[in-house]
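Numbering of ligands and ligand atoms starts at 1, following listing order.
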Amino acid sequence: MNRQRRDVLKFGALLAGAPLISKVAATNLLADELNSGLVKNGTVNTAAHWGMLKVEVKDGKIVGSNPIQKTSDIPNPLQNFTADMVYKSRIRYPMVRKSYLMDPNNPKPELRGKDEWVRVRYEDAIKLVARELKKTRKEKGIQSVFAGSYGWKSSGNVHNSRILLHRFMNLSGGFVGHLGDYSTGASQVIMPHVMGSIEVYEQQTSWPLILEHSKVVVIWGANPLNTLRIAWTSTDEQGFKYLEELKKSGKKVIIIDPIKSETAQYFDKAQWVTPLPNTDTAMMLGMMHYLYTSDKYDKEFISTYTVGFDKFLPYLLGKTDGVAKDLDWASKICGLKASLIKELADTFMNNRTMLMSGWGMQRAHHGEQPHWAMVTLAAMLGQIGLPGGGFGLSYHYSNGGAPTCKGGVIGGMNSASLGFFNEEGEFIGTNTGSFDKNGRFIAKPVAASGTGQSWLSKATEYVFPLARIADALLNPGKVIDHNGKKITYPDIDFIYWVGGNPFCHHQDTNTLVKAWQKPRTIVVNEPYWTPTAKMADIVFPTTTAYERNDITMTGDYSNMNIVPMKQVVEKFEESRDDYQIFSDLCKAYAKNLVVAYTDNGKDEFDWIKEYYDAAYNQVISVPDLVTDMKPFNEFWAANEPVTFASTPESDQWIRHGEFREDPILNALGTPSGLIEIYSETIEKMGYDDCKAHPMWFEPIEWLGMKDKPAKFHMISAHPADRLHSQLSNTSIRDNYAVANREPIWINEKDAKELGIKDGDLVRVFNARGEALAGAVVTKNISRNVVRLCEGAWYDPDMNGLCKNGSANALTIDIPTSKLANGNIAHTALVNIEKFTGEAPKLTAFSDPKFV
Ligand SMILES: Nc1nc2c(c(=O)[nH]1)N[C@H]1C(S)=C(S)[C@@H](COP(=O)(O)OP(=O)(O)OC[C@H]3O[C@@H](n4cnc5c(=O)[nH]c(N)nc54)[C@H](O)[C@@H]3O)O[C@H]1N2
Ligand SMILES: Nc1nc2c(c(=O)[nH]1)N[C@H]1C(S)=C(S)[C@@H](COP(=O)(O)OP(=O)(O)OC[C@H]3O[C@@H](n4cnc5c(=O)[nH]c(N)nc54)[C@H](O)[C@@H]3O)O[C@H]1N2
Ligand SMILES: [Mo]
């Protein structure tokens, strides 16, 4: 392979203005060598968020899909539906909404989701998007382009749709992004103030230590049996193995959740504790009051490792507001007996206890408080930094606590930096790269142009907290508070979304529908006709991960495997890789742009090999590392994962163990270097909805409120048999759909009162919206609580009733507080009634109207 020759060839072709439809590098020798044709009959190994997959192919079609390895007896059915992922609900051609095509300057945004769609040639769609993006930037400034594009996309370090979009948007002149995410919106902002790190995406005290040392394991507002089916990269499947071992160990397991979740059912000997939703902070305060007043807490830990306990005490004891946060007070709020709260506090105090918390309780109004209170409680218990004790905010996610392996780490696509252009509109470089005299794009900054620089500083000013998207669209120029800063909403006129499904994921869909009418242009890359694709103006059909080559790691914390993601089948109809689409957009947008975008013409194999080689070189340079890692070509031809082993040190790793050993030398990243029970930083912000220490705030809607607007507290938890909205369109839905809708769990006594039977079609409603669902009448949920999992494809009828049961038709779109501005998905009251009349036809998975 003569790389230099290849580059010259490719570059020459690009400058000559290669035709728009072309492989990124038609002359790629490496690709020819590696892509020796697709397997027509046999198996192909690849990976998805839900694990390493062995996909069976017959006559060029997918006929089966199973895990490559078996790590536990806990099943993961997500792994079996790859065929449907490729063949169902797909977008076949590039399409443009009729009114937009007729007049992009007056595109009738109110018809989004209702208009007909027109099939267009790919080249024309590319030209249209490039032209309208350029026009928007010219007329409205770069702040008018939103491409934050949150979402879970697919696994794969090359075809990372969101980063590929950012790369295009940066190089072509900038965009507004966002802060934070939906998962841990509240905790990732509060935890750095308290613990000096975000905690939620960090390695946990190792599972081997839990199994050896913990006497009590508390699974607090977490449902790992569901949520460990997936990981951000691809699951290493270690979590299930450890849950099995935990069950076998016979240790005391306590589940604190208003719902007897799949996890609570699995741990059939566990104690199930059911506070009212969103009241955990009150319950924890009650425990703390009891531990303090009975003099049972760890004074030494508090004085050595924390600051501000003395300033928190007056609140706990009721000296500031006349209300002691004692057991009775807590009991009245959270609905548990005072004796039970006391018993739990004693159990935690007297035994080595690990508090494993999920994130459900922080996706709620004042969601900053529960984890802050939990840290404070854990500090009083004095076990933080001990083997098997303390708290952990990521055991339920991406196999936190699975020991980190020693080996190679695969890199990934980066989002490049802001592009600059000359008078003729040609791309000339970025502040990190420019062209050499041979026309190669190399790492050498150009002198930045004035406009570019001023935009760079503006970009940070306009970046807003993600879950405020609808508010931002509706209120351009509004100034909001965020974590001690002021943020001005941009005036968004162009949205580009890839790899995410906001019409499923954002709270209060009816408000989002209104907000979505604000921009002039909305472009979406999607494999499927999701509700978000249906609400766009221009859609590019995108390949699924099974129609392209890629590479990923498994184990976000363990870095356990490197997995080749080999293309399984041909690209579906006219779908293209996001990489191809953005490369072609570069070509249509400005001269020379694609050279920087593709880093001088790299195709997927060049990137895959580059990432692999870097990891390989890293691995072979470690003398004592035993590994089966082979040079790239052998690895790719073998199509088998490379597995690394953990080390004795990582098996024995304790979160905050070093801090405990020496809090001066290993100070936390907080201003004091210690755990901040009282934060002067937050005090100075002066917010009324998040003060300087953990507190109980009444949520905007909850079961204990006066004049409840509706009867039931709805928890829109994460679904067992999907990843959010992904896999909705597959036949895994047959395993859970009730009355052909999303299932809603309701307590048997509540159901009886309402005359609802198991399997009934029900209407769920409140002042914000309504949805149909199928009733699951069960003992496994507290009274007055219902569970309608997030992620059902939004499927509105003429009046906005969601025929499929999307929970976000009913949720509330306000921020957790001025501190974090996280979403409050799990704070919502709803009513429920038996649906009478003719059931409307489900259209969630059908095509929209075509011309
Ligand atoms: N009520 C309620 N709402 C919630 C939550 C809740 O608990 N309750 N949870 C929130 C949380 S934590 C999250 S993370 C969000 C999740 O929200 P999302 O991340 O938006 O959900 P996904 O369904 O994973 O959406 C990913 C989309 O990317 C598409 N896709 C996959 N691969 C590719 C690709 O290669 N290219 C392109 N262009 N597209 C691709 C898929 O088809 C799918 O439509 O939901 C949030 N919403
Ligand atoms: N199979 C599958 N796995 C997933 C996902 C998926 O969609 N499907 N999504 C992934 C993503 S992006 C994320 S962010 C994580 C989400 O992980 P989490 O946020 O932990 O998941 P949730 O299901 O929202 O909530 C977990 C549990 O908290 C409970 N809960 C809700 N409110 C309260 C409360 O006020 N108090 C108490 N004590 N409990 C409460 C719920 O009943 C639920 O059983 O999961 C990841 N894993
Ligand atoms: Mo998430």
Side-chain angles (χ1 to χ4, degrees), residues 49-50 76 78 85 89 149-156 159-162 164-165 181-185 200 219-232 255-264 273-280 283 334 357-364 367 370 396-398 467 497-507 524-528 530-533 540 542-545 548 577-578 581 699 702 713-729 781 785 787-791 793 806-808 810-811 823 825-828:
H49 293 297
W50 35 92
N76 189 350
L78 273 54
M85 289 291 279
S89 305
S149 190
Y150 179 75
W152 266 70
K153 60 185 185 60
S154 295
S155 303
H159 297 285
N160 182 337
S161 52
R162 180 164 175 263
L164 289 167
L165 168 66
D181 60 30
Y182 282 83
S183 313
T184 61
V200 286
I219 300 181
W220 202 324
N223 189 3
L225 214 77
N226 280 10
T227 56
L228 289 178
R229 285 181 172 184
I230 61 90
W232 177 247
I255 313 260
I256 306 181
D257 197 314
I259 296 169
K260 191 165 188 181
S261 65
E262 289 76 358
T263 306
V273 177
T274 57
L276 296 186
N278 296 187
T279 65
D280 301 77
M283 174 182 172
C334 74
S357 176
W359 303 332
M361 60 175 133
Q362 57 87 57
R363 219 174 291 114
H396 70 298
Y397 177 75
S398 291
W497 215 295
V498 300
N501 199 355
F503 274 87
C504 287
H505 76 220
H506 187 68
Q507 287 60 57
V524 169
N525 293 4
E526 251 297 335
Y528 314 103
T530 62
T532 301
F540 285 108
T542 312
T543 52
T544 66
R548 59 202 186 204
D577 303 339
D578 295 284
I581 294 164
W702 68 297
H713 194 120
M714 180 183 76
I715 290 179
S716 46
H718 287 236
D721 288 336
R722 292 191 295 266
L723 170 58
H724 314 298
S725 77
Q726 296 191 54
L727 290 150
S728 278
N729 51 323
I781 190 162
V785 179
R787 181 175 97 167
L788 181 66
C789 287
E790 55 104 1
W793 285 15
S806 173
N808 281 319
L810 301 145
T811 50
N823 77 83
H826 291 334
T827 301

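- Here is the list of ligand 2 atoms found below 4.0 Å of a heavy atom in Arg722: 1 (N), 2 (C), 6 (C), 7 (O), 8 (N).
- Using a non-hydrogen distance threshold of 4.0 Å, Arg548 registers as a contact of ligand 1.
- Shown here for Thr544 and Pro527, the closest heavy-atom pair between the two residues is CG2-CB, 4.0 Å.
- The protein heavy-atom contact nearest to atom 40 (C) of ligand 2 is Pro258 CD, 3.8 Å.
- Ligand 2 lies within reach of Glu790, whose nearest heavy atom is under 4.0 Å from it.
- The protein non-hydrogen atom at the shortest distance from atom 19 (O) of ligand 2 is Arg363 NH2, 2.6 Å.
- Looking from atom 34 (C) of ligand 2 to the surrounding protein, the closest heavy atom is Asp280 OD1, 3.4 Å.
- His506 does not count as a contact of ligand 1, since none of its heavy atoms falls under 4.0 Å from the ligand.
- Those atoms of ligand 2 with a heavy atom of Gly360 less than 4.0 angstrom away are 18 (P), 19 (O), 20 (O), 24 (O), 25 (O).
- Considering backbone and side-chain atoms together, His718 places an N or O closer than 3.5 Å to an N or O of ligand 1.
- Regarding atom 46 (C) of ligand 2, its nearest protein heavy-atom neighbour is Ile230 CD1, 3.7 Å.
- For ligand 1, none of its N or O atoms has an N or O atom of Tyr528 under 3.5 Å away.
- Summary of contacts: the protein heavy atom closest to atom 45 (O) of ligand 2 is Thr227 CG2, 3.3 Å.
- Atoms of ligand 2 found under 4.0 Å from any heavy atom of Leu723, numbered from 1 in the order shown, are 5 (C), 6 (C), 7 (O), 8 (N), 9 (N).
- A side chain to side chain contact (heavy atoms under 4.5 Å, CB included) with Ser154 holds for exactly one of Met85, Arg548, His159; it is Arg548.
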